[in-house]
Amino acid sequence: MPLILDGIRIRDQIQAELKPRVERLAREARPPGLAVILVGNNPASEIYVRNKVKACEALGIRSEKFTPSESISTDELLDLVRALNAREEIDGILIQLPLPPQVDTRRVLEAVDPEKDVDGFHPLNLGRLVSGRPGLRPCTPAGILELLRRYEIPVAGRHAVVVGRSDIVGKPVALLLMHAHATVTICHSRTSNLAEVCRRADLLVAAVGRRAMLTADYLKPGAVVVDVGINRISERSEAEAIFRGDPEKLAEFDRKGSLLVGDVHPLDVVRCASAYTPVPGGVGPLTIAMLMVNTVQAAEQRLGLCSVSG
Ligand code: NDP
């Protein structure tokens, strides 16, 4: 049986290690402060923000939520970001994406003070990432590297194939893997012979957003597979096809009315991989844990209380 890379266990470890750092900040200066901006009423964004606020509460990080209406203009949002940049007790500013179409997302993200950019999306932090200098890293990619490190999965010298080239996941995870001395291939929708390229991967990272797309044909026997995709299946026929009639999974579908699957086929990965991240419970939990890490790191840096591990 392959090793299951358990994101919930690693998230709990990371958060337990953060607690004393938060307590020290509270004791010697003040608790870290995170501002979360949630525009409009996107139900998925509301759930993500609720979970982020809950994670802050559990750790003693002070969070403030701002909920401007769906009709906000770019200038109004820029004013809010600038006001938060100026507030001393706010260490991190998170703008939940996507923003409504009338808002210039790039301008808003670029307005965030780079030292408060806990999502790691500001061009200055992206430049630091490219050149391998210290800085705030995008949370999901940083979480993937942390998971591999804590499970002592070797990266240096291995061939890593990343499927997906988004600014949020694919590109930054490829850069982090390269800095960790992997030989990295980045694939996308125009890649020829995708299955053949993926089959050469010792470490396969899937960040595509297509349910169970990477089947056994894409997997080298014994590969380590990191599945970033989170895709909801709400058609029973699709659940039957993907889970090949597995009665337990179909019973779960009938109970919940839907199932989550990643970008890698959930049965084939168990058959082929030496280690893999399950969906759910793999990469997902690490994203929020790394947001907490970035917030604490930003606070320590701003307050001049850097910890050894920070
Ligand atoms: P994007 O849609 O921004 O990017 C998807 C990438 O996949 C693109 O680079 C695209 O290529 C590529 N792609 C699409 N179709 C194919 C194909 N048929 N063959 C090869 N490549 C293809 O998605 P994100 O990076 O934001 O997210 C990817 C997945 O990860 C989603 O399921 C998302 O829900 C999940 N996610 C999970 C997180 C977590 O915390 N676990 C956090 C963030 C995302 P091209 O550039 O050519 O269009």
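We count ligands from 1, going down the list as the structure has it; atoms in each ligand are counted the same way.
- With a 4.0 Å cut-off on non-hydrogen atoms, Leu194 touches ligand 1 through its side chain and not its backbone.
- The atoms of ligand 1 that sit less than 4.0 Å from any heavy atom of Gly164 are 6 (C), 7 (O), 9 (O).
- Between Asp12 and Arg9 there is no salt bridge, since no side-chain nitrogen of the basic residue lies less than 4.0 Å from a carboxylate oxygen of the acidic one.
- For the residue pair Arg128 and Asn125, a side-chain donor N or O sits within less than 3.5 Å of a side-chain acceptor on the partner.
- Nearest protein neighbour of atom 19 (N) of ligand 1, counting heavy atoms only, is Met213 CE, 3.6 Å.
- The single protein non-hydrogen atom nearest to atom 36 (N) of ligand 1 is Val228 O, 3.8 Å, given as residue, atom name and distance.
- Atoms of ligand 1 lying under 4.0 Å from at least one heavy atom of Ala207, given by number and element, are 5 (C), 6 (C), 7 (O), 28 (C).
- Remark: minimum distance from atom 2 (O) of ligand 1 to any protein heavy atom is reached at Val208 O, 4.4 Å.
- Ranking the protein heavy atoms by distance from atom 8 (C) of ligand 1 puts Arg165 N, 4.0 Å first.
- Residue contacts with ligand 1: Thr191 is excluded, as none of its non-hydrogen atoms falls under 4.0 Å.
- Looking from atom 48 (O) of ligand 1 to the surrounding protein, the closest heavy atom is Ser189 OG, 3.7 Å.
- Residue, atom and distance of the protein heavy atom nearest to atom 34 (O) of ligand 1 are Ile230 O, 3.6 Å.
- We find that Arg302 and Asp113 are not joined by a salt bridge, their nearest charged nitrogen and carboxylate oxygen being 4.0 Å or further apart.
- Rounding to the nearest 0.5 Å places CZ of Arg82 at 11.5 Å from CD1 of Ile93.
- One finds a salt bridge joining Glu196 and Arg200 here, because a Lys/Arg side-chain nitrogen approaches an Asp/Glu carboxylate oxygen to under 4.0 Å.
- Using a 4.0 Å cut-off between charged side-chain N and carboxylate O, Arg211 and Glu238 make a salt bridge.
- Near Asn231, the atoms of ligand 1 lying under 4.0 angstrom from a non-hydrogen atom of the residue are 32 (O).
- Of all the atoms in ligand 1, the ones that sit under 4.0 Å from a non-hydrogen atom of Arg210 are 14 (C), 15 (N), 16 (C), 18 (N).
- Heavy atoms of Thr287 found under 4.0 angstrom from ligand 1 belong exclusively to the side chain.
- Atoms of ligand 1 found under 4.0 Å from any heavy atom of Val169, numbered from 1 in the order shown, are 25 (O), 43 (C), 44 (C).
- For atom 4 (O) of ligand 1, the closest heavy atom belonging to the protein is Ser166 CB, 3.8 Å.
- Contact annotation for Thr140 and ligand 1: only side-chain heavy atoms (C-beta onward) come within less than 4.0 Å of the ligand.
- Using a 4.0 Å cut-off between a side-chain N of Lys or Arg and a carboxylate O of Asp or Glu, Glu240 and Arg236 qualify as a salt bridge.
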Legend entry - Steps toward salt bridge (Lys or Arg N to Asp or Glu O under 4.0 Å) verdict (Arg50, Glu46): CA-CA 6 Å; Arg50 198 179 316 140; Glu46 280 173 3; 5.2 Å; no

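- Close contacts between ligand 1 and Gly284 involve ligand atoms 40 (O), 41 (N) [criterion: under 4.0 Å to a heavy atom].
- At the shortest separation from atom 20 (C) of ligand 1 among protein heavy atoms lies His188 O, 3.2 Å.
- Arg199 and Asp217 are not joined by a salt bridge, as no carboxylate oxygen comes within less than 4.0 angstrom of a charged side-chain nitrogen.
- Note on Glu64 versus Arg87: salt bridge recorded, some NZ/NE/NH1/NH2 to OD/OE distance being below 4.0 Å.
- Hydrophobic clustering (ILVMFWY, side-chain heavy atoms < 4.5 Å, transitive): Ile8 and Leu260 are in distinct clusters.
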